[in-house]
Amino acid sequence: MSMIAAFYGGKSILITGATGFMGKVLMEKLFRTSPDLKVVYILVRPKQGQTLQQRVFQILDSKLFEKVKEVCPNVHEKIRAISADLNQNDFAISKEDMKELLSHTNIIFHCAATVRFDDHLRHAVQLNVTATQQLLLMASQMPKLEAFIHISTAFSNCNLKHIDEVVYPCPVEPKKIIDSMEWLDDAIIDEITPKLIGDWPNTYTYTKALGEVVVQQEGGNLNIAIIRPSIMGATWQEPFPGWVDNLNGPSGLIIAAGKGFLRSIRATPMAVADLIPADTVVNLTLAVGWYTAVHRPKSTLVYHCTSGNLNPCNWGKMGLQVLATFEKIPFERAFRRPNADFTTNNITTHYWNAVSHRAPAIIYDFYLRLTGRKPRMTKLMNRLLRTLSMLEYFVNRSWEWSTYNTEMLMSELSPEDQRVFNFDVRQLNWLEYIENYVLGVKKYLLKEDMAGIPEAKQHLKRLRNIHYLFNTALFLIAWRLLIARSQVARNVWFFIM
Ligand SMILES: CCCCCCCCCCCCCCCCCCCCCCCCCCCC(=O)SCCNC(=O)CCNC(=O)[C@H](O)C(C)(C)COP(=O)(O)OP(=O)(O)OC[C@H]1O[C@@H](n2cnc3c(N)ncnc32)[C@H](O)[C@@H]1OP(=O)(O)O
Ligand SMILES: NC(=O)C1=CN([C@@H]2O[C@H](COP(=O)(O)OP(=O)(O)OC[C@H]3O[C@@H](n4cnc5c(N)ncnc54)[C@H](OP(=O)(O)O)[C@@H]3O)[C@@H](O)[C@H]2O)C=CC1
């Protein structure tokens, strides 16, 4: 019997960010392994014209929850969606709901965050720092609370090269940042943002670092743990391999490469690609929840959920495997044949961006205009190039994350728990994982049918022929111009003939 699964039985659990990528995988695993838990409270905001209930039903209706519905047929009764906006005071939770949350919650998993790299500092501070502070205040009024688990990121200290499982101080106290956001106007915040974030690459990583300091400073007597996952990718094993539902991290780039838009990316092939499957993060999170509540460590423990030091894979190996998978499982209606490569300096990056990204987009838009359609490729390409420039920081560096606490926790688990809540990345076979990841992107993100693979292969053959034809035509035109202008070229031509 799994001790961790048994621990969550009968518990009331509060999850923020349950509608996000990690939150869904977390809920799924909780219900599948502890179907006798009492209730899962989720803080949800109405979105895109959907009510809370519609949002919950949409999640439960997805393929991700198929197994849960078998194990826990009344899962919908055990999810209690609470209307909340983490950007508002008291999260805009009604008095009755707040009362219920405060009096019943046993465990909190705080996953909600803005993960956009380019978010305005005010908004990133509001969600990643102030909301965390408010949630801690709420937690301190929960008499039955046993553990508060805060999800941060391994990149919260990406300004360092070696990162230990400790909370590092920030140059400016989070409280001062929170206060200043209240009275500074947007223009001034824009101006001081680069100075404030200093050597952090974006507002996301900076505010996640501030959030950790808030957790440490304002945690009071709560049992708190911080989890720092690296780049969260599709699921490895559970509930099935390759599940992913958003474009963050590598997923968006896999689509761009598979559809033939992405032809080159400035990346260091030997730099460590510190990917971590979402189900591994969730298994560690649930194990940490159990350990924190049962063993009550004296201080706030930080757990790194990374792969680089135990089972490293680099961007070169990952890129090659992604491309190899496209050969077997191509995406439908590609713009060009998938054939991306890495560039390593500014000059080649600019060159390939012009030749392989901008020029084909301009030519295609010209063709769309000629055929009376609306041009769209240049806009799409500019967006891709902007995304690439934001991700560059992370694919040209390697970090070392120590994992003492994570390894200590692994050794504390019973063999059964090590199996059910496996977070040992040493067992991960990267080639297999990446292949499943690409397949998952095709099935769950692009919603493409496997039956369409032969047609997709045909389409790629046609694109190859067009490519050869285009290159031959280009060569002939160039040669003709050369012959017209150069005596040497003419002589060569007569000699050949
Ligand atoms: C040796 C030789 C080898 C040769 C090999 C060749 C190599 C081949 C390459 C092959 C393939 C590639 C393989 C992988 C390569 C490298 C991958 C690198 C990934 C590195 C990631 C590192 C991240 C690490 C950071 C830390 C980790 C974290 O803690 S957290 C989360 C990470 N956060 C993110 O990833 C968010 C990043 N995104 C953003 O910040 C923004 O989206 C943006 C700034 C990038 C873009 O913003 P913009 O305003 O332009 O667009 P946006 O409005 O956001 O979106 C545009 C449309 O896309 C939709 N969208 C966007 N995001 C999502 C989403 N999450 N879910 C669903 N949909 C999304 C959005 O709705 C828009 O659609 P429309 O409305 O229809 O327009
Ligand atoms: N994805 C990754 O690669 C990594 C993620 N992390 C961390 O893991 C956690 C989860 O990330 P992930 O699941 O990928 O992120 P997502 O962007 O998928 O999910 C974010 C969640 O936060 C919720 N949220 C955002 N703003 C509000 C708000 N104002 N009120 C209520 N809820 C809100 C979203 O709700 P809604 O659905 O309404 O938008 C969503 O449920 C985050 O803390 C992130 O920093 C760490 C390392 C890597």
Side-chain angles (χ1 to χ4, degrees), residues 14-28 41-52 54-56 58-59 62 64 81-93 108-117 119 122-132 134-135 149-158 163 202-212 214-215 226-235 243-253 273-282 284-285 302-307 391 394 399 401 437 445:
L14 169 61
I15 302 180
T16 69
T19 51
F21 177 46
M22 174 180 175
K24 285 182 230 175
V25 183
L26 177 65
M27 265 205 297
E28 193 279 337
Y41 296 112
I42 59 175
L43 302 190
V44 191
R45 49 182 174 168
K47 211 177 175 188
Q48 286 157 354
Q50 284 183 308
T51 63
L52 301 196
Q54 282 168 331
R55 293 197 71 186
V56 173
Q58 197 178 29
I59 294 174
S62 69
L64 183 72
I82 290 184
S83 174
D85 184 344
L86 271 61
N87 284 327
Q88 307 289 325
N89 255 347
D90 286 336
F91 300 158
I93 298 177
I108 297 179
F109 293 109
H110 179 33
C111 305
T114 167
V115 302
R116 286 187 70 95
F117 294 153
D119 222 344
R122 185 196 300 285
H123 184 245
V125 166
Q126 173 58 47
L127 206 54
N128 296 347
V129 192
T130 315
T132 302
Q134 276 204 54
L135 192 64
I149 310 302
H150 174 74
I151 309 299
S152 184
T153 164
F155 294 91
S156 56
N157 299 289
C158 58
I163 303 159
N202 51 46
T203 53
Y204 169 65
T205 48
Y206 174 63
T207 53
K208 289 299 275 190
L210 290 174
E212 288 184 6
V214 161
V215 168
I226 297 175
I227 296 177
R228 290 187 183 144
S230 48
I231 304 169
M232 228 186 291
T235 53
W243 187 80
V244 57
D245 84 335
N246 74 23
L247 300 177
N248 291 341
S251 311
L253 291 194
D274 209 302
L275 237 66
I276 191 85
D279 47 340
T280 307
V281 179
V282 159
L284 175 71
T285 302
V302 178
Y303 298 85
H304 281 162
C305 192
T306 53
S307 56
L391 298 181
F394 300 96
W399 288 266
W401 285 279
Y437 193 158
L445 261 178

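All ligand and atom numbering here is 1-based and tracks the order in the structure.
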Enumerated ligand 2 atoms positioned under 4.0 Å from heavy atoms of [X]:
X	value
Thr153	46 (C), 47 (C)
Arg55	36 (P), 37 (O), 38 (O)
Ser152	6 (N), 7 (C), 46 (C)
Phe21	13 (O), 14 (O), 18 (O)
Asn246	18 (O)
Ile151	7 (C), 8 (O), 9 (C), 43 (O)
Cys111	9 (C), 10 (C), 42 (C), 43 (O)
Ala113	20 (C), 22 (O), 25 (C), 42 (C), 43 (O), 45 (O)

Between [X] and ligand 2, which part of the residue brings a heavy atom under 4.0 Å of the ligand: side chain, backbone, both or neither?
X	result
Asn128	neither
Phe91	neither
Met22	both
Val115	side chain
Lys208	side chain

Nearest non-hydrogen atom to atom 22 (O) of ligand 2 belongs to which of Pro229, Gly249, Ser230, Ala112? Ala112

Is there any N or O on [X] that sits under 3.5 Å from an N or O of ligand 2?
X	answer
Leu43	no
Met232	yes
Arg45	yes
Asn248	no

Of Leu64, Val56, Ile42, which meets side-chain contact (heavy atoms from CB on, under 4.5 Å) against Met27? Ile42

Tightest non-hydrogen contact, residues Ser152 and Pro229, listed as O-CD, 3.0 Å

Mark the output for Asp85 as yes if a heavy-atom distance to ligand 2 is under 4.0 Å, and as no if none is. yes

Is there side-chain contact between Ser230 and Leu275, with heavy atoms separated by less than 4.5 Å? no

With a 4.5 Å limit on heavy-atom distance, are the side chains of Ile108 and Ile149 in contact? no

Check whether the side chains of Asp274 and Thr306 place a donor and an acceptor atom closer than 3.5 Å, and report yes or no. no

Do Asp119 and Thr203 meet the criterion of a side-chain donor-acceptor pair at a distance under 3.5 Å? no

Considering residues at least two apart in sequence or located in another chain, which fulfil the ring pair (Phe, Tyr, Trp, His ring centres under 6.0 Å) criterion with Tyr303? none

Trp399 vs Phe394 aromatic rings, parallel, tilted or perpendicular, using cut-offs 30° and 60°? tilted

Without swapping roles, check the side chain of [X] against the backbone of [Y] for a donor-acceptor pair under 3.5 Å.
X	Y	answer
Trp401	Ala154	yes
Thr132	Asn128	yes
Thr16	Ala112	yes

Between Phe155 and Phe117, is the ring centroid distance below 6.0 Å? no

